[in-house]
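Remarks on the structure that follows.
To find a chain, count down the sequence lines: A is the first, B the second, and so on, and within it residues start at 1.
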There are 2 protein chains.
Amino acid sequence: MATKQHLLAHAEDLARRQGYDGFSFADLAAGAGIRKASVHHHFPTKAALSTELVELYAKRSMATLRNADGKASGARLAAVLALYRTALDGGRSQCLCVAFGAVIDRLPDVTRAAVAAYQADMLSWLEQVFSDAAQDGGISNPAAPAQEAAATFALLEGSQLMARAAADPSQFDLATAPLRARIQTGGTS
Amino acid sequence: MATKQHLLAHAEDLARRQGYDGFSFADLAAGAGIRKASVHHHFPTKAALSTELVELYAKRSMATLRNADGKASGARLAAVLALYRTALDGGRSQCLCVAFGAVIDRLPDVTRAAVAAYQADMLSWLEQVFSDAAQDGGISNPAAPAQEAAATFALLEGSQLMARAAADPSQFDLATAPLRARIQTGGTS
DNA sequence: GTCTATAGTTAGATAGAC
DNA sequence: GTCTATCTAACTATAGAC
């Protein structure tokens, strides 16, 4: 079981940095100190491995966000900003669904479905945040929640992409500054 | 020369949809009706081909934007929104630098530099738009131009990513709606 | 400018021994 | 659960004939 966890961790790291076509069973085998054939014992196909990767990533991400449930809308928006800032890892990495989303056409059907599900969950969670913001005033200038959720999700993914291409993680902070500025620290506006 | 143009066009299409590791000399050869070795006559290496691809893409994109130079800030912002909406091609494709940016670690050095240059040009152009907006009032609620430029670029790239992962191009419009709503059609506010 | 032929490497996946 | 061995296919790239 420890081997499987090690394989998953290494696979996630490689997949996030190099993309779906950028990691192989050989890479994972080398990382775990076993042979390629042994990796297939834990994950029959790359499709199965990738799907499990996305599902675990989604579960972990949503669990992190749900820790903030109950807090005011501004605090929850700050939480999702922190989640993506952390995932950037100083420019070393990015969200798994940025890496996989960019090559969505290349993914096995099951993996593509897992990416879409992750995205739908995120959007739904964000929509609730902006819906609550209209009540508690925790975020200034609120537009329609569905628009705000989509715009926020796109901004977070795009900011990671931009920061990494520029090899400058501070670009993430620059791009998200206007959104962060909308968080009302004083509670009800 | 016609063959080279055909190879470039096919390569761009594949690269944007499938990513750097998702297209091959074999694909290009098949598309042009020639052999793999013949493709190497036009482009010695994949690094050279990819770099030329990015440079041509950047040149074409910037030329499109410069057509709007001289117009008011709001019209120029609308132009860049249209550029990315068009590049999405109904969900069929995406900006070349979204595809390549997501696997920036995998790119040859020269190609990575070309992607970074494209991004720097775009950010510089956007910064001027928001800088002018502070004067002509063509965009409401203007924050610092460098922040606005970064946020806009990230939003455009992220919106493409999101729309394609959701297999729903209207998600691009949803995500960009709040930004579009800031364009003041009446000229000076 | 295109071809055949091929080198050298890597990929995902399987069979069957231990 | 890990191994050796192997398969088939794909990859980038080159040499040299036409």
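Computed from coordinates, the A:M1 CE to D:dT2 P distance equals 12 Å when rounded to whole Å. Between the CG atom of B:L28 and the C1' atom of D:dT12 there is a distance of 12 Å, given to the nearest Å. Taking atom CD on B:Q5 and atom P on C:dG1, their separation rounds to 12 Å, with Å as the unit. For the pair B:L49 CG and D:dT12 P, the computed distance is 10 Å after rounding to whole Å. In this structure, CZ of B:R106 is placed 13 Å from C1' of D:dT12, rounded to the nearest angstrom.
Interatomic distance, OG of A:S140 versus CG of A:L179, reported as 9.0 Å (0.5 Å rounding).
Within the 4.5 Å cutoff, no side-chain heavy atoms of A:R17 are placed close to those of A:F23. The shortest side-chain heavy-atom distance between A:C95 and A:Y57 falls under the 4.5 Å cut-off.
The side chain of A:S38 has D:dT2 as its nearest neighbour among D:dT2, D:dC11, C:dC3.
Within 4.0 Å (heavy atoms only), B:S24 reaches sugar-phosphate atoms of the nucleic acid but no base atom.
Under 4.0 angstrom from either OP1 or OP2 of D:dG1 there lies no side-chain N or O belonging to A:T3. Within the 4.0 Å cut-off from OP1 or OP2 of C:dT2, not a single side-chain nitrogen or oxygen of B:H41 is found.
In this view, A:D89 and A:R92 satisfy the salt bridge (Lys or Arg N to Asp or Glu O under 4.0 Å) rule, not counting sequence neighbours.
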What are the atom names and distances for every N/O pair under 3.5 Å that joins the protein to nucleotides 13-15 of chain C?
residue: C:dA13; atom: OP2; partner: A:K46; partner atom: N; Å: 2.8
residue: C:dA13; atom: N7; partner: A:H40; partner atom: NE2; Å: 3.2

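In this structure, A:F23 and B:R35 both approach DNA chain C, and ranking their closest nucleotides by distance from the 5' end singles out B:R35.
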Residues A:V129, A:I139; criterion side chain to side chain contact (heavy atoms under 4.5 Å, CB included); working and verdict: CA-CA 9 Å; A:V129 169; A:I139 303 168; 4.0 Å; yes
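If you run side chain to side chain contact (heavy atoms under 4.5 Å, CB included) between B:L8 and each of B:E12, B:H6, B:Q5, only B:Q5 comes through.
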